[in-house]
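What follows is a single structure, written as structure tokens, with notes after it.
Chain letters run A, B, ... following the sequence lines, proteins first and then strands; every chain starts at 1.
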Number of protein chains: 2
Amino acid sequence: MCRMPQEPVRERRVGSQVQREVMQLILDRRLRPGALLPTEAELMEELGVSRNSVREALKALQALDIVEIRHGYGTYVGQASLTPLADGLTFRTLVQLADDTRALEEILQVREVLEEGLVRRVAVLLTDEELSQLEALVRKMEEAADAGGAFPELDREFHETLYRSLGNELVPQLLGAFWNVFNRVAGVRGWARDPAPDVTVSRHRDIVTALRARDVEGAQRAMADHFRGIEARSGQESRGVG
Amino acid sequence: MCRMPQEPVRERRVGSQVQREVMQLILDRRLRPGALLPTEAELMEELGVSRNSVREALKALQALDIVEIRHGYGTYVGQASLTPLADGLTFRTLVQLADDTRALEEILQVREVLEEGLVRRVAVLLTDEELSQLEALVRKMEEAADAGGAFPELDREFHETLYRSLGNELVPQLLGAFWNVFNRVAGVRGWARDPAPDVTVSRHRDIVTALRARDVEGAQRAMADHFRGIEARSGQESRGVG
DNA sequence: ACGAATTTGTCCGTATGTATT
DNA sequence: CAATACATACGGACAAATTCG
């Protein structure tokens, strides 16, 4: 009877009706990403609601990257990217980070499982050109490491190039979202710097070497070693002094 | 026209700014999921913006499940679940489905890579009790199949139980999101029915049998076969008549 | 059981900034 | 540069939902 006010009931998500109607409108009219949506005034009339309700619905859809609002011009159909996933995971990780680093380790484990499985599949798909691109990226990493700097963008590009031959657009987006969360949170914590860039470079080189030899098992092992390195970096810090 | 020079120019994107400020407020005050947020009136005053701006920001955060709004009571810190991912992926898949089923196949491939890797890891972690639970679920599936019905909930529970010993909460949420997208879209297309439930049951039984024998390779093979079955189901339909 | 207080939901009107033409 | 169309923001008012005395 007297329910604790501090505990919200987990009721089924009612959601905004207007929100769903706008989504349905996009689907019904076969609008593609980039297409222009009706203006707020038109949506007011078509859906029979006020401007405020339309705006709140559009704001919610914008947060999901389902629509894209351009100030002074109009509203477009969005790309429905994984930006909301990255935003939500970042927030959740930061909230939980006050207690422990579990959320971060969970993300890392998912990345590891994904990439170990993926590297096996691309091992037989990669073209010579792609292998050359990967080797070039490793050389660039080496130069950056010799200069004493970090190379987050090169790392990102490496993994993106690695899985291009799959032809699966969801894969780089998903990995990119995880990568973003990890780096954003790491930046807040202060342990964004790679303590041993040269080791990281050789991990990447090992992966390419195994792939060049079409050594599926070796590529998976190299990828696993790569993640062991990342785990050691974050694990060492989480047990260190605050 | 006559803009006062000493007055600081108003921030460009107040909307997303308020959004970030609310998130920062949650982090600064160490609010946990379920905690009550300041009321809209209080946020207006604290952030120095109008109520509409506050509401639009809260609506956007609600779409990301970062806050949870209850009419007539208040606003809570949300769970930051993967509901936005499921919503976004569902929308993207539906939009693209007018052309092809590529988005759906991409999701399936990610699920497959994930589950093949995960089943290897749980093979050495599963307790006898969890194995018994899995066997019980397979028996229930068999009963449902004999009765001629489908068993989407049993399938979902099977995969959830399978990875419980990992202790990774992100894994079931991620797989659940993918599963939701797949089933929601499948429902729209009309090919939700499993044409051969008995085959699906035996795929699951094969997985449990291999796991009971602690046969890592066999478990992965069984999982791969399981997904071959799902691919065959959807692939056959996508090449069939409209 | 009922009403008051609180809080969110919706609407209207108006003024301003911004991009396109 | 001027005009236009559009999104952005503010303030006020009332309705609906929830809680609690």
Side-chain angles (χ1 to χ4, degrees), chain A residues 1-22 25-26 31 34-78, chain B residues 1-22 25-26 31 34-78:
Chain A
M1 49 185 303
C2 73
R3 196 168 37 227
M4 299 266 195
Q6 279 74 15
E7 289 182 50
V9 281
R10 296 228 86 48
E11 60 188 26
R12 197 79 186 121
R13 188 171 76 89
V14 182
S16 175
Q17 183 64 27
V18 181
Q19 204 171 321
R20 278 193 294 267
E21 290 184 82
V22 173
L25 183 146
I26 295 174
L31 299 180
L36 202 51
L37 254 66
T39 67
E40 293 182 355
E42 289 170 324
L43 287 175
M44 285 173 56
E45 199 166 341
E46 290 185 36
L47 306 180
V49 293
S50 77
R51 181 165 311 169
N52 232 329
S53 302
V54 170
R55 282 185 57 75
E56 286 174 8
L58 290 181
K59 276 285 184 179
L61 292 177
Q62 184 187 35
L64 297 175
D65 198 24
I66 285 179
V67 308
E68 188 180 338
I69 307 177
R70 281 183 56 185
H71 188 164
Y73 191 64
T75 307
Y76 297 88
V77 179
Chain B
M1 24 176 70
C2 73
R3 194 180 302 128
M4 307 207 182
Q6 75 267 27
E7 207 171 341
V9 184
R10 203 172 291 171
E11 186 61 39
R12 245 204 294 226
R13 294 171 314 201
V14 180
S16 36
Q17 183 64 30
V18 176
Q19 205 170 318
R20 277 190 294 268
E21 288 183 82
V22 173
L25 182 146
I26 295 173
L31 299 181
L36 204 51
L37 252 66
T39 66
E40 294 179 354
E42 288 171 328
L43 287 175
M44 286 173 56
E45 200 166 341
E46 290 184 35
L47 305 180
V49 294
S50 77
R51 184 162 173 232
N52 278 339
S53 301
V54 170
R55 283 187 56 75
E56 286 173 11
L58 290 181
K59 273 286 185 180
L61 292 178
Q62 184 188 34
L64 298 175
D65 198 24
I66 285 180
V67 308
E68 190 180 333
I69 307 177
R70 284 183 57 189
H71 188 172
Y73 192 57
T75 306
Y76 297 89
V77 179

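Taking atom CD on B:E56 and atom P on D:dC10, their separation rounds to 9 Å, with Å as the unit. In this structure, the CZ atom of A:R55 is 14 Å from the C1' atom of C:dT14, given to the nearest Å. We find that CE of B:M44 is positioned 13 Å from P of D:dA13, with the value rounded to whole Å. Taking atom CZ of A:R51 as the reference point, atom P of C:dT16 lies 16 Å away to the nearest angstrom. Atom pair B:K59:NZ and C:dT8:P shows a separation of 12 Å (rounding to whole Å applied).
Closest to the side chain of B:V49, from the set C:dG9, C:dC11, D:dC10, is D:dC10.
Contact of the A:T75 side chain with the A:L61 side chain is not registered, since no non-hydrogen atoms from C-beta on lie closer than 4.5 Å. Looking at B:L58 and B:L43, their side chains come closer than 4.5 Å, going by heavy atoms from C-beta outward. Using a 4.5 Å heavy-atom cutoff, the side chains of A:E46 and A:L25 are in contact.
Between A:S50 and B:L58, the one whose closest nucleotide on DNA chain C sits nearer the 5' end is B:L58.
Side-chain atoms of B:N52 come within donor-acceptor range of the base of D:dG11, with a qualifying N/O pair under 3.5 Å.
The backbone N or O of B:S53 sits nowhere less than 3.5 Å from a side-chain atom of B:E56 that would complete a donor-acceptor pair. Side-chain atoms of B:S16 do not come within 3.5 Å of backbone N or O of B:Q19 as any donor-acceptor pair.
Between B:S53 and the phosphate of D:dC10, there is a side-chain N or O to OP1/OP2 separation shorter than 4.0 Å.
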Could you go through nucleotides 2-6 of chain D and list every protein N or O atom that sits under 3.5 Å from one of its N or O atoms, giving the distance for each pair?
none

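Evaluation of the side-chain hydrogen bond (donor to acceptor under 3.5 Å, both in side chains) rule for A:E45 yields no partner, not counting sequence neighbours.
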